[in-house]
There are 2 protein chains.
Amino acid sequence: DAVLSRISLCPHKAGMDSVNKNKTDEVIRSMSEGSRFYDNERRKAAQTAQRVQVMKSRAAVLSTGALQQAEAMASAFERQLETERDLSRVIVHCDADAFYAAVELRDQPHLRGKPIGIGGIGMLSTASYEARKFGVRSAMPGYIALRLCPELILVKPRFHAYEAASRQLQAVMAQYDPNFRSVSLDEAYLDITDYMARLTPGDVAQLPPLTTVADPPLVQEANSADSKPGMATDSAGARNLTTLEGRALAARVVHQMRTRMHETTQLTVSAGIACNRMLAKIGSDQNKPDGQFCLPADRAAILAFLANMPTRKIPGIGKVTEQILRELDITNCQALLQQRALLKLLFTPISFDFFMRSALGIASNNTRKRSERKSIGHETTFRELNQVPDLEDKCLHLCHKTALDMERKALLGRSVCLKLKTVDFKVKQRSVLLPAHTADEPVIKRAALGLLHREL
Amino acid sequence: DAVLSRISLCPHKAGMDSVNKNKTDEVIRSMSEGSRFYDNERRKAAQTAQRVQVMKSRAAVLSTGALQQAEAMASAFERQLETERDLSRVIVHCDADAFYAAVELRDQPHLRGKPIGIGGIGMLSTASYEARKFGVRSAMPGYIALRLCPELILVKPRFHAYEAASRQLQAVMAQYDPNFRSVSLDEAYLDITDYMARLTPGDVAQLPPLTTVADPPLVQEANSADSKPGMATDSAGARNLTTLEGRALAARVVHQMRTRMHETTQLTVSAGIACNRMLAKIGSDQNKPDGQFCLPADRAAILAFLANMPTRKIPGIGKVTEQILRELDITNCQALLQQRALLKLLFTPISFDFFMRSALGIASNNTRKRSERKSIGHETTFRELNQVPDLEDKCLHLCHKTALDMERKALLGRSVCLKLKTVDFKVKQRSVLLPAHTADEPVIKRAALGLLHREL
DNA sequence: TCGCATAAA
DNA sequence: TACTTTTATGCGA
DNA sequence: ACCCACACC
DNA sequence: TACTGGTGTGGGT
Ligand SMILES: Nc1ncnc2c1ncn2[C@H]1C[C@H](O)[C@@H](COP(=O)(O)OP(=O)(O)OP(=O)(O)O)O1
Ligand SMILES: Nc1ncnc2c1ncn2[C@H]1C[C@H](O)[C@@H](COP(=O)(O)OP(=O)(O)OP(=O)(O)O)O1
Ligand SMILES: [Mg+2]
Ligand SMILES: [Mg+2]
């Protein structure tokens with residue numbers, strides 16, 4: 001049912017083969033049921049159901065005329081989007097495998113071969129692939145994970161080690177694109193178009209051969225199209241990176257980069273190669289762990305790749321949106337395109353735009369670092385507290401940590417936001433705009449305490 | 001079903017009013033299900049079902065003649081038992097209320113009013129009455145108790161404190177019967193017949209009045225039978241303790257004793273007064289907590305008292321026997337009597353004897369201390385261990401503790417018994433007879449290790 | 001005598 | 001993850 | 001500007 | 001008893 005789609009594990013995440021989903025779901029449900037957390041999940045599921053209800057009734061009264069008109073507009077919009085399609089760049093998304101867990105297995109050899117989870121009894125950040133066989137996942141409470149996998153070993157996170165490993169990975173990536181965009185400790189986008197253009201024939205000769213690259217179907221296409229493997233320059237010596245040969249070369253480059261990352265960190269990294277960020281990101285998940293995937297720079301190939309792609313795989317579509325779309329009988333990208341008129345009428349322009357681009361495989365290929373951060377803060381969850389002074393203490397401590405970080409990073413803020421979570425997992429947010437930008441701890445503290453007292 | 005009767009809380013234990021049994025059972029079941037413990041419970045339930053199966057098929061083929069003959073023998077046996085019925089003694093069973101918990105609430109005043117459980121996350125020895133409202137019970141794992149009662153406070157046991165309290169209680173009881181039989185730290189049997197016979201009129205005058213005694217129905221009978229309350233001597237000045245007046249006087253004596261126990265320990269003790277141990281024991285549970293119950297020394301009253309008494313209340317009938325009897329449509333003592341022929345044919349002579357005596361309210365009234373102990377030992381449960389040396393260490397340590405106890409108590413033993421529990425809660429037992437009685441630690445250790453190695 | 005099941009606090 | 005510890009009795013092989 | 005819901009790692 | 005912490009986006013008001 002609806003709440004199940006919230007609490008059960010996502011069926012098309014990496015490594016779901018060989019996991020007994022029914023059994024796992026049942027364990028999760030039975031351990032969650034009756035808890036305040038579960039009550040809250042049901043509340044949220046009901047809320048989603050309500051949203052769906054509204055949408056469906058709006059859909060029910062749509063006139064044929066309105067739908068025809070929307071269809072025309074959507075069609076025109078798609079043609080417009082097609083003019084934006086850019087197949088010229090070679091975008092790579094790198095994503096380390098079970099990152100925190102892999103670092104721990106590397107640093108604590110006695111744990112190798114055993115299932116581990118990073119975190120504590122309350123919450124796991126991630127789990128080793130060994131543990132994932134049992135259904136253990138990121139964002140799963142440790143006590144449920146232990147029920148799924150009694151042999152699971154809980155390992156406390158060592159963030160400094162992950163940061164160090166991250167820096168090592170980034171050093172390798174910088175060799176291929178000094179302007180790579182890191183999006184988290186373990187993943188980054190690169191544009192290797194320029195790097196590939198600069199490759200000399202000598203460089204190319206040093207690349208690993210295509211036969212060792214781990215994405216057979218597309219590789220075979222590339223090989224069959226050009227019977228002379230490894231030859232990827234045209235008659236003028238300038239490479240056309242949109243051809244299958246060009247992408248095959250990209251695959252060799254990425255394979256070399258992944259090999260170097262593994263050599264320097266003993267960590268495995270998976271990668272996706274495509275002509276924009278979204279497709280590259282989907283690709284990096286395709287052959288996890290320790291695999292890569294290369295999508296040709298070809299509209300037909302892209303549409304074929306996406307046709308049966310579950311909506312949930314599109315970055316930006318999470319459990320809720322997936323559920324809403326499912327209720328509209330839309331579970332893959334093909335359906336997204338087929339229902340474009342309905343989507344145009346039911347969703348906001350921004351969402352419609354997002355759905356269409358996603359389904360067509362049209363997205364940004366900008367991998368330059370993003371400008372500045374927009375917020376900074378701390379939060380902590382604790383046992384039920386009712387005494388105002390206790391809450392004040394917690395609040396002040398978080399203010400202190402935040403102000404310290406702001407000072408260290410030389411940041412200023414203009415708004416102070418207080419987040420409150422009750423024992424039944426309801427979240428409240430209260431904010432004030434300060435008269436001026438500041439990083440002054442007393443100012444932030446006064447603002448936060450003011451917000452706190454406003455809520456008694 | 002069958003496993004439910006094993007894991008769910010006993011519905012007629014003290015303080016089951018106001019407990020939501022369905023909800024509680026559901027929580028227990030859902031938290032147990034899927035665990036190795038639960039698997040074992042199902043195994044045992046199946047075993048009981050098998051026993052029942054055999055019994056029922058034996059019952060099915062019984063000839064009318066066999067039943068008639070059994071009926072005759074049972075009837076004769078009952079008449080024989082009646083000749084043994086002894087109403088002359090005044091037997092008291094004292095049982096402290098929520099003993100460990102009460103000591104903790106006494107010694108840690110900040111815990112008063114709050115639900116507490118004595119033990120840890122793994123197992124509780126007992127729970128305060130406050131906690132019992134939520135379904136929390138003795139022998140319940142702490143983590144299930146916490147699910148039933150999130151406010152529950154777990155308190156580590158302090159056995160020395162309970163022993164000290166027990167000694168204080170016993171000091172009071174010794175005033176009434178120096179030969180009282182203590183059966184555990186918190187309970188004991190007394191025979192106050194002689195004490196009552198020695199009471200002077202002055203002593204009687206100092207006893208608390210009957211109106212404050214907490215067992216109204218029988219007290220009222222006593223009062224109504226004798227309109228002059230407090231007068232319990234016959235014309236000759238010798239008391240007939242089998243009369244209602246005699247028992248009313250006993251109730252006053254017991255009330256005084258309980259008051260003294262409360263004064264010296266700040267603990268409340270409940271008591272049952274009857275003419276044998278079994279009836280007194282059932283009585284002590286009747287008006288818990290801080291209550292007492294007096295059963296007249298009268299065959300009709302006893303049979304009336306027992307008629308609808310659930311079999312499970314009879315000391316010696318536990319979950320399994322209750323279940324077996326239930327399958328034979330026997331749930332109370334009346335049914336036990338009515339089915340006497342069947343019981344004679346299906347059970348062993350000892351069991352039949354026990355059932356008949358119990359249902360008739362005929363039992364031993366010997367409250368003298370029992371002779372010697374028959375065994376002494378230690379056990380400990382630990383996480384899964386597979387290495388032989390680790391198991392040897394555990395075993396040797398238990399031998400050490402046992403030998404030490406034997407020396408302290410100047411005991412000798414002739415048999416060494418090793419108990420093994422596997423991760424799936426199966427229990428094995430291996431024993432050897434020694435050539436001679438001993439308390440020698442090395443001898444015991446060698447014997448134990450030999451048994452251990454026999455099991456690899 | 002041994003091993004197991006049942007019962008109790 | 002987390003279902004005790006100590007003592008006793010009865011039954012069947 | 002504020003508050004909430006959703007998403008991702 | 002144990003369901004995170006840090007950051008960003010979009011929508012509704
Ligand atoms: N929900 C979360 N809460 C806190 N930390 C998280 C969460 N999800 C992931 N992390 C941390 C731990 C991960 O190792 C790290 C990278 O996340 P992510 O790439 O999604 O998974 P992963 O690298 O552990 O496995 P994989 O990428 O192989 O699926 O970020
Ligand atoms: N299953 C058990 N395991 C270990 N210790 C126990 C167990 N049951 C009881 N105890 C201990 C703790 C108790 O306080 C003490 C006396 O037991 P008992 O008289 O049956 O319950 P109680 O005194 O706690 O409550 P009450 O008598 O009011 O029902 O023995
Ligand atoms: Mg990763
Ligand atoms: Mg008691």
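For clarity, every value in this text was computed on a predicted model and none was experimentally measured. Values reported hereafter were calculated over all heavy atoms of this structure, with side chains retained and with hydrogens, waters and symmetry mates removed.
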Say you pick atom P in E:dC8 and the same atom in F:dC3; how far apart are they, in whole Å? 23 Å
Are OP1 or OP2 of D:dT5 and a side-chain N or O of B:T380 less than 4.0 angstrom apart? yes
Considering just the side-chain nitrogens and oxygens of A:R6, establish if one lies under 4.0 Å of OP1 or OP2 belonging to E:dA7. no
What distance, rounded to whole Å, do you find between the two P atoms, one in D:dC3 and one in C:dA8? 23 Å
Which one, F:dG5, F:dG11, E:dC6, comes nearest to the side chain of A:E379? F:dG5
OH of A:Y162 versus P of F:dG6: gap in Å, rounded? 16 Å
For A:R454, report the nucleic acid contact type (base, sugar-phosphate, nothing); a contact means any heavy atom under 4.0 Å. sugar-phosphate
Using the side-chain heavy atoms of B:I144, tell me which of these nucleotides is nearest: C:dA7, D:dC3, E:dC3. D:dC3
Would one find a side-chain N or O of A:K281 under 4.0 angstrom from OP1 or OP2 of E:dC9? yes
With sugar-phosphate meaning primed atoms plus P, OP1 and OP2, does A:K426 contact a base, only sugar-phosphate, or nothing at under 4.0 Å between heavy atoms? nothing
Name the nucleic acid region contacted by A:A145, choosing base, sugar-phosphate or nothing; use a 4.0 angstrom heavy-atom cut-off, strictly under. nothing
For atom CG of B:L154 and atom P of D:dT1, their distance in whole Å: 19 Å
Would A:F425 and A:F37 count as a close aromatic pair, with their ring centres under 6.0 Å? yes
Given C:dC4, C:dT6, E:dC4, identify the nucleotide with an atom nearest to the side chain of A:K428. E:dC4
Is there a side-chain contact between B:K421 and the phosphate of C:dC4, meaning an N or O under 4.0 Å from OP1 or OP2? no
May I ask you to say what A:Y38 touches in the nucleic acid, namely base, sugar-phosphate or nothing, with a heavy-atom cut-off under 4.0 Å? nothing
Any A:T381 side-chain nitrogen or oxygen under 4.0 Å from OP1 or OP2 of F:dG5: yes
Between P of D:dT4 and OH of B:Y143, the distance in whole Å: 9 Å
Could you check which of F:dG8, C:dA7, C:dC4 has an atom nearest any side-chain atom of A:S375? F:dG8
Using the six-membered ring wherever Trp is involved, compare the ring planes of A:Y189 and A:H93 and label them parallel, tilted or perpendicular (cut-offs 30° and 60°). tilted
Using a heavy-atom cut-off of under 4.0 Å over every strand shown, decide if A:E41 touches base, sugar-phosphate, or nothing. nothing
Which nucleotide, E:dC3, E:dA7, F:dG11, lies nearest any side-chain atom of A:Q429? E:dC3
Quick one: label B:N40 by what it contacts on the DNA or RNA (base, sugar-phosphate, nothing), any heavy atom closer than 4.0 Å. nothing
Determine whether more than 12 heavy atoms belonging to other residues, nucleotides or ligands lie under 6.0 Å from atom NZ of B:K428. no
Look at the side chain of B:L433 and decide which nucleotide, out of F:dC3, C:dC2, E:dC9, has an atom nearest to it. C:dC2
With respect to the phosphate group of E:dA1, does any side-chain polar atom (N or O) of A:R414 fall under 4.0 Å of OP1 or OP2? yes
Scan A:R147 against the nucleic acid and name what it touches under 4.0 Å (heavy atoms): base, sugar-phosphate only, or nothing. base
Does A:S32 get its side chain close enough to the base of F:dC3, under 3.5 Å, for a donor-acceptor pair? yes
Out of D:dT1, D:dT4, C:dA9, whichever nucleotide has its closest atom nearest the side chain of A:P150: D:dT1
Would you tell me if any nitrogen or oxygen in the side chain of B:R370 comes within less than 4.0 Å of OP1 or OP2 on D:dA8? no
Quick check on D:dC3: is either OP1 or OP2 less than 4.0 Å from any side-chain nitrogen or oxygen of B:R137? no
Does a nitrogen or oxygen in the side chain of B:R312 sit under 4.0 Å from OP1 or OP2 of C:dA7? no
Remember a base hit wins even if backbone is also touched, and classify B:I314 as base, sugar-phosphate or nothing at under 4.0 Å, heavy atoms. sugar-phosphate
May I ask you to evaluate whether B:R51 reaches the phosphate of C:dA5, defined as a side-chain N or O under 4.0 Å from OP1 or OP2? no
Taking any heavy-atom pair under 4.0 Å as a contact, classify A:T321: base, sugar-phosphate, or nothing. sugar-phosphate
Check this for me, if you would: do A:R42 and A:D39 make a salt bridge, where the nitrogen-to-carboxylate-oxygen distance has to be below 4.0 angstrom? yes
Which whole-number value in Å describes the distance from B:I324 CD1 to C:dT6 P? 7 Å
N or O in side chain of A:S431 less than 4.0 angstrom from E:dC3 OP1/OP2: yes
Tell me what A:S351 touches on the nucleic acid: a base, only sugar-phosphate, or nothing, going by heavy atoms under 4.0 Å. sugar-phosphate
Can B:R132 and B:T126 be said to form a side-chain hydrogen bond (donor to acceptor under 3.5 Å, both in side chains), step by step? CA-CA 9 Å; B:R132 293 185 195 189; B:T126 194; 3.2 Å; yes
Could you tell me whether the side chain of B:R414 and the main chain of B:L433 form a donor-acceptor pair under 3.5 Å? no
Determine the contact category for A:L185: base if any of its heavy atoms lies under 4.0 Å from a base atom, sugar-phosphate if only primed atoms, P, OP1 or OP2 are that close, otherwise nothing. nothing
Could you tell me the separation between the NZ atom of A:K44 and the P atom of E:dC6, rounded to a whole number of Å? 7 Å
In whole Å, I'd like the distance from the CZ atom of B:R277 to the P atom of C:dA7. 18 Å
Expressed as a whole number of angstroms, how long is the span from A:F355:CZ to F:dG10:C1'? 12 Å
Between A:H378 and F:dG5, does any side-chain N or O lie under 4.0 Å from OP1 or OP2? no
Would you name the heavy atoms of B:C417 and B:Q429 that are closest together and state the gap between them? SG-CG, 3.4 Å
Whole-Å distance, A:L418 CG to E:dA1 P, equals 19 Å
